[in-house]
Amino acid sequence: FKSSDYLKETEKTLVSQYLASALGQIKAGNTNQGFSMLKGADFNEQVALTYCNTLVRLGQHDKALERCDAYAAKFGGSRFSQIRSDVMSLKIQGFYVMYKDGREKSALAAAKAFSDAHPGDTRAQKAYDKLFNAFLGETGDIAIPAVAASSGSPSGAGVDLDRLMAGIG
């Protein structure tokens, strides 16, 4: 090994073990401890990706969006953007499901608040507009949009994150 190769392999091993420990805490029901561990090491991009994916798996979509935005600014790249896009789709689909379940006013209020919170995302505004028009009776029945297949767990840390995250959420 060159010294730089050795350092990269050592970092990869340490990150893998750390992620396994943090996800193990979450799987064991110690969610706050596991999240604290992930947040404490989110200076590492792999840990940050795992943190975002874990938030999504546990249904903490608003927190996942917040962290994805912060990490995308910090690390760049499309991996956080993909997670963000997946979460936006899940949130928007939820408004449609709520609407179709007969909770029209709640769906409209939630979609409006979400659209206002994410003014740069045209999908949020479009969803609100469609729901509002359906509520006014201008569009008839609305279809629940499909959610694209998830991009899955982050990879590259030398640990089988799919296996570790399988029991989460």
Side-chain angles (χ1 to χ4, degrees), residues 19 22-23 25-27 29-155 161-162 165-169:
L19 288 173
L23 294 174
Q25 288 292 323
I26 293 169
K27 286 177 79 168
N30 301 320
T31 308
N32 289 340
Q33 175 66 25
F35 276 142
S36 179
M37 290 174 70
L38 292 173
K39 182 76 175 110
D42 68 355
F43 54 85
N44 176 281
E45 185 177 10
Q46 188 63 42
V47 174
L49 284 164
T50 302
Y51 183 36
C52 289
N53 275 299
T54 304
L55 288 167
V56 173
R57 284 186 183 233
L58 292 177
Q60 296 185 27
H61 298 143
D62 293 327
K63 181 73 171 177
L65 287 171
E66 174 189 311
R67 297 313 318 151
C68 281
D69 289 342
Y71 295 143
K74 181 176 182 177
F75 296 110
S78 64
R79 296 196 294 177
F80 293 104
S81 298
Q82 182 59 52
I83 297 168
R84 185 185 195 289
S85 179
D86 292 347
V87 175
M88 290 294 287
S89 295
L90 286 169
K91 290 284 291 184
I92 289 168
Q93 183 188 52
F95 303 139
Y96 282 86
V97 169
M98 192 183 309
Y99 187 92
K100 296 283 274 188
D101 284 347
R103 297 176 288 153
E104 294 93 350
K105 290 180 182 176
S106 295
L108 282 171
K112 176 65 173 152
F114 189 70
S115 175
D116 290 347
H118 301 279
D121 195 304
T122 58
R123 295 177 300 165
Q125 182 62 48
K126 185 177 175 182
Y128 171 70
D129 290 345
K130 282 185 175 182
L131 290 169
F132 188 73
N133 288 335
F135 183 75
L136 294 176
E138 296 176 5
T139 59
D141 195 27
I142 58 170
I144 298 173
V147 174
S150 175
S151 58
S153 305
S155 59
L161 291 175
D162 283 330
M165 293 180 84
I168 298 174

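Atom set for the values below is all heavy atoms of this structure, side chains included, hydrogens, waters and symmetry mates excluded. For reference, positions follow the sequence shown, starting with 1. Owing to the predicted nature of the structure, the values given are computational and were not obtained by experimental measurement.
- Considering all non-hydrogen atoms of both residues, Ile26 and Thr54 come closest at CD1-CG2, 3.7 Å.
- Atom CG of Asn32 is surrounded by 12 or fewer heavy atoms from other residues, nucleotides or ligands within 6.0 Å.
- Of the inter-residue distances, the one linking Leu90 atom CG with Phe95 atom CZ reads 11.0 Å to the nearest 0.5 angstrom.
- Taking CG of Leu23 as the start and CZ of Phe35 as the end, the distance is 9.5 Å to the nearest 0.5 Å.
- Here the closest heavy-atom approach between residue Arg123 and residue Ser89 is recorded as NH1-OG, 3.4 Å.
- Tyr128 pairs with exactly one of Ile92, Asp116, Leu108 by the side-chain contact (heavy atoms from CB on, under 4.5 Å) rule, that one being Leu108.
- Taking all atoms of both residues into account, the shortest heavy-atom contact from Ala64 to Val56 is CB-CG2, 3.7 Å.
- Using a 4.5 Å heavy-atom threshold, the side chains of Asp62 and Lys91 count as touching.
- A donor-acceptor pair is defined here as one N or O able to donate and one able to accept, closer than 3.5 Å; such a pair exists between the side chain of Asn44 and the backbone of Gln46.
- Counting heavy atoms from C-beta outward, Leu38 and Leu19 have side chains that approach closer than 4.5 Å.
- The two residues Ile83 and Cys52 make their nearest non-hydrogen contact at CD1-CB, 4.1 Å.
- No side-chain heavy atom of Phe132 sits less than 4.5 Å from a side-chain heavy atom of Lys112.
- To the nearest 0.5 Å, the span separating NE2 on His61 from CG on Asp86 amounts to 10.0 Å.
- Taking CG of Leu55 as the reference point, atom CZ of Arg57 lies at 12.0 Å (rounded to 0.5 Å).
- For the atom pair CG of Leu65 and NZ of Lys63, the computed distance is 11.5 Å after rounding to the nearest 0.5 Å.
- Counted within 6.0 Å of NZ on Lys126, heavy atoms from surrounding residues, nucleotides or ligands total 12 or fewer; the atom is thus considered open.
- Annotation for Phe75 and Asp42: closest pair CZ-O, 3.4 Å, computed over non-hydrogen atoms.
- Two residues are said to be in side-chain contact when any heavy atoms from C-beta on lie closer than 4.5 Å; Arg67 and Tyr71 meet this criterion.
- If you take CD on Gln82 and CG on Leu49, they are separated by 11.5 Å, rounding to the nearest 0.5 Å.
- Gln125 and Asp121 form no side-chain donor-acceptor contact under 3.5 Å, judged by distance and modelled atom types alone.
- The shortest side-chain heavy-atom distance between Glu45 and Arg79 falls under the 4.5 Å cut-off.
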